[in-house]
Structure formats: structure tokens, C-alpha cells
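These notes are about the structure you will find just below.
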Protein chains: 2
Amino acid sequence: MNSEFNIAVHCLTLLSLKKDHMANSDEIAKSVCTHPARVRKVLGLLRKQGYVTTKEGVGGGYLLNADSANVTLGDLYRLLARGSLQPSWCSGGGETTCVVSEHIQEVMERIYNGGELALERHYDNITLLDVTRDIQSETKP
Amino acid sequence: MNSEFNIAVHCLTLLSLKKDHMANSDEIAKSVCTHPARVRKVLGLLRKQGYVTTKEGVGGGYLLNADSANVTLGDLYRLLARGSLQPSWCSGGGETTCVVSEHIQEVMERIYNGGELALERHYDNITLLDVTRDIQSETKP
DNA sequence: AAAACTGTTATGCTTATAATTACAGATGAG
DNA sequence: CTCATCTGTAATTATAAGCATAACAGTTTT
């Protein structure tokens with residue numbers, strides 16, 4: 001499981017809490033605690049979905065789209081983490097005549113896909129606004 | 001995400017489909033397509049939960065417990081894969097004064113835990129018997 | 001024209017996952 | 001009793017995935 005989903009949530013939350021809803025990759029990278037190039041990669045994908053717009057050149061950076069408060073974690077999961085439930089290594093597929101070995105991969109694939117759907121449905125109920133509120137409520141408990 | 005959950009499902013399905021519900025780690029490893037030592041590690045954990053019993057010595061191996069048809073994928077997930085939704089690398093935690101950076105880790109942890117609960121609830125509705133039926137129905141479609 | 005950004009690719013580093021080896025301990029067969 | 005066979009477990013090596021870093025072309029503002 002890579003962390004791009006995590007990074008996306010972080011970036012969008014950060015932007016939504018900034019007064020002008022804007023920051024460049026250097027500033028965001030410091031907050032996320034990673035390299036600017038990694039931030040740019042994730043935010044590039046978010047841009048293609050219309051969640052942010054970018055401004056190149058001096059004083060540029062990433063600007064949060066106004067409606068992005070309604071983006072759900074499900075949207076972000078599907079974009080950045082779908083398929084990560086299924087491990088890269090899977091059992092079976094050998095050269096035996098064993099029924100299980102021959103068919104386990106299709107069965108497990110269905111199991112992982114079903115799990116992922118359940119996960120996505122859960123995340124569909126959490127919006128970016130919920131997350132920003134969570135962050136804020138941590139400061140004044 | 002490692003594959004021990006996958007291996008556990010495979011092993012138990014295999015045992016349940018064998019006439020005498022028994023096999024040793026060599027035979028299972030061939031079906032799973034991995035090293036016997038890895039099978040033993042997983043099945044050792046399943047033994048501690050009472051899902052199988054082991055018989056050492058000549059002609060020994062693993063024997064499926066009679067009630068194991070009712071074991072759910074949720075049980076196996078909790079035993080072998082819990083916590084794997086949260087990646088090892090997580091954002092934030094830097095030395096900034098940024099609110100997001102300071103609190104994102106607690107928030108993301110709750111998000112991952114919530115996701116995992118949703119996943120477990122889903123898997124709680126799938127029994128080993130369901131999986132064995134799935135495997136069998138692949139052979140005669 | 002110069003400086004400050006993003007977008008993207010290539011490369012190296014680190015960590016996680018799987019394979020392999022090895023051996024002690026247990027059990028049944030002869 | 002002794003040997004062969006099996007599990008349990010730990011240590012080591014190999015492979016793959018994830019992250020960091022560097023580099024540079026393209027774009028925009030000043």
C-alpha cells in the first residue's frame with residue numbers, strides 16, 4: 001500500500017485551511033514531510049480531476065477548487081489507491097491438477113474486489129470538509 | 001499488504017475439499033505455490049486459533065477442525081492482515097507549526113481504522129464454506 | 001530575459017515481502 | 001530403541017515495492 005491517498009488527503013486539507021486556498025509544492029512538501037516532486041505527482045493527478053488548478057511561474061502553485069469540500073475520501077481512494085487491497089503476490093497458479101490451486105486466483109480476486117467496494121462505500125460517506133473539521137477540532141479540544 | 005490472509009484462505013479451502021481434511025506442508029505448499037516453511041508459519045497461527053490441529057511425525061500434517069466451515073474471512077483478516085490498510089509511511093509529523101502537519105497522523109489513523117472496520121464487517125459475512133463452494137462452482141460452470 | 005514555478009522521467013536508496021536454509025523437538029513405524 | 005518424517009521457528013539471502021533525490025524541459029510572471 002503506497003501513501004498517495006494519504007498525501008492527497010493531506011494536500012487538500014492543507015489547501016482548504018489556507019486563507020487563499022493556495023500553496024506551492026515546496027511549502028506543501030514541508031507540511032507533508034516528503035519531497036516536492038512527490039507532491040507534484042499527486043497534485044498533478046488531482047488537477048486532472050479538477051480538484052485543484054495550477055498556476056505556473058513566479059508566485060504560482062496549487063489552488064483548491066471551490067467545490068472541493070464535497071470531494072469524498074471514496075473519490076480519492078478510487079483515484080489513488082484502488083487495487084491496493086490485493087497484494088502483488090497471490091497464491092495458486094502452479095502446475096498441479098489441484099482444483100484450489102487452479103481457481104483460487106479468480107476467487108481471491110473477487111474477494112479483494114468485494115472488500116474494496118465495501119471500503120469505498122464507507123469512504124464515500126466522509127468528505128474533505130469532515131476531515132478539515134477533524135483537524136481543526138484537534139487544536140481546541 | 002502481505003499475503004498471509006490469502007494463504008490462510010487457500011490452505012483452509014484446500015483442507016476442506018480433501019476427503020480426509022488433511023495434508024502436510026509440502027503438499028499444501030505445492031498448491032499454494034510457495035515454500036513449505038511459509039505454509040507452516042501461517043498454519044501455525046491457525047492452529048493457535050483452533051482452526052486446525054497438527055500431527056507431527058510420519059504421516060502427519062494438518063487436519064481441519066470440523067467446525068471450520070463457519071470461520072469467516074473477517075476472522076482470518078483480523079488474525080493475519082489487521083492494520084495492513086495503513087501504510088508504513090504516513091504524512092506529517094514534521095517540525096513545522098502547520099496545523100495539518102501536526103494532527104494529520106491521528107486523523108489518518110482514525111480514517112484507516114474506520115476503513116478497516118468496514119472491511120471486516122464485510123468479510124464477516126463470508127464464510128469458508130462460501131469460498132469452497134465458489135471454488136467448486138468454477139470447475140462446473 | 002530572468003526567475004520561479006509545475007510536469008515528468010530517470011536513478012539510487014531503503015524497507016517490506018518472499019524464498020531458502022537450517023536445525024531443534026515431536027511422533028509414529030519398524 | 002532408533003530412524004525417518006513431520007512441525008515450529010529463527011536466521012539469512014534475494015527480490016520487489018515504495019520513497020527520495022536530481023535533473024531538466026516547458027510555462028508564466030515580473
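Lettering follows sequence order; numbering is per chain, from 1.
For the OP1/OP2 pair of D:dT7 and a distance below 4.0 Å, the side-chain nitrogens and oxygens of B:S25 include at least one atom meeting the criterion. In this model, the phosphate group of D:dC19 is not approached by any side-chain N or O of A:T34 to a distance below 4.0 Å at OP1 or OP2.
Of the candidates D:dT7, C:dG7, D:dA20, the closest approach to any side-chain atom of A:R38 belongs to D:dA20. Nearest nucleotide to the side chain of A:K48, out of C:dT8, C:dA26, C:dT17: C:dT8. With C:dG7, C:dA3, C:dA19 as the candidates, the nucleotide lying closest to the side chain of A:V58 is C:dA3.
One can place NZ of B:K41 at 15 Å from C1' of D:dT7, the figure rounded to the nearest angstrom. Here the P atom of nucleotide D:dT5 and the CE atom of B:M22 are 16 Å apart, to the nearest Å. Remark: P of C:dT6 and OH of A:Y62 are 5 Å apart, rounded to the nearest angstrom. In this structure, B:L46 places its CG atom 14 Å from P of D:dT7, rounding to the nearest Å. To the nearest angstrom, C1' of D:dG18 lies 16 Å from CG of B:N2. Straight-line distance from the CD atom of B:E56 to the P atom of C:dA26: 8 Å, rounded to whole Å. Here the C1' atom of nucleotide C:dA18 and the CG atom of B:N6 are 13 Å apart, to the nearest Å. Between A:R47 atom CZ and C:dC5 atom P the separation is 18 Å, expressed in whole Å.
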- Message: As a quick check of understanding, evaluate side-chain contact (heavy atoms from CB on, under 4.5 Å) for B:L12 and B:Y62, giving each step before the final call.
- Response: CA-CA 10 Å; B:L12 295 179; B:Y62 296 90; over 6 Å; no
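Residue A:G60 is the one, among B:S3 and A:G60, whose nearest nucleotide of DNA chain C lies closer to the 5' end (criterion: closest heavy atom). The 5' end of DNA chain D is approached more closely, in terms of each residue's nearest nucleotide, by B:G44 than by the other of A:K55 and B:G44.
When only modelled atom types and interatomic distance are considered, A:T72 and A:D75 share a side-chain donor-acceptor pair under 3.5 Å. When only modelled atom types and interatomic distance are considered, B:S91 and A:N6 share a side-chain donor-acceptor pair under 3.5 Å. For the residue pair B:D130/B:T127, the side-chain donor-acceptor check at 3.5 Å is satisfied. In this structure, a donor-acceptor pair under 3.5 Å is absent between the side chains of B:T139 and A:H103. Side-chain contact, A:H10 with A:S31: a donor N or O sits under 3.5 Å from an acceptor N or O.
Residues of residues 78-95 of chain A that place a heavy atom closer than 4.0 Å to DNA chain C, in numerical order, are A:W89.
Between B:D124 and B:R78 there is a salt bridge, since a side-chain N of the basic residue sits under 4.0 Å from a carboxylate O of the acidic one. A salt bridge does not link A:R38 with A:E4: every distance from a Lys NZ or Arg NE/NH1/NH2 to an Asp or Glu carboxylate oxygen is 4.0 Å or more. Contact check on A:E138 versus A:R133 returns no salt bridge, with no Lys/Arg side-chain nitrogen under 4.0 Å from an Asp/Glu carboxylate oxygen.
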Which protein N or O atoms sit under 3.5 Å from an N or O of nucleotides 22-24 of chain D?
none

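Ring pair B:Y112/A:F5 is perpendicular by interplanar angle, where above 60° counts as perpendicular and below 30° as parallel.
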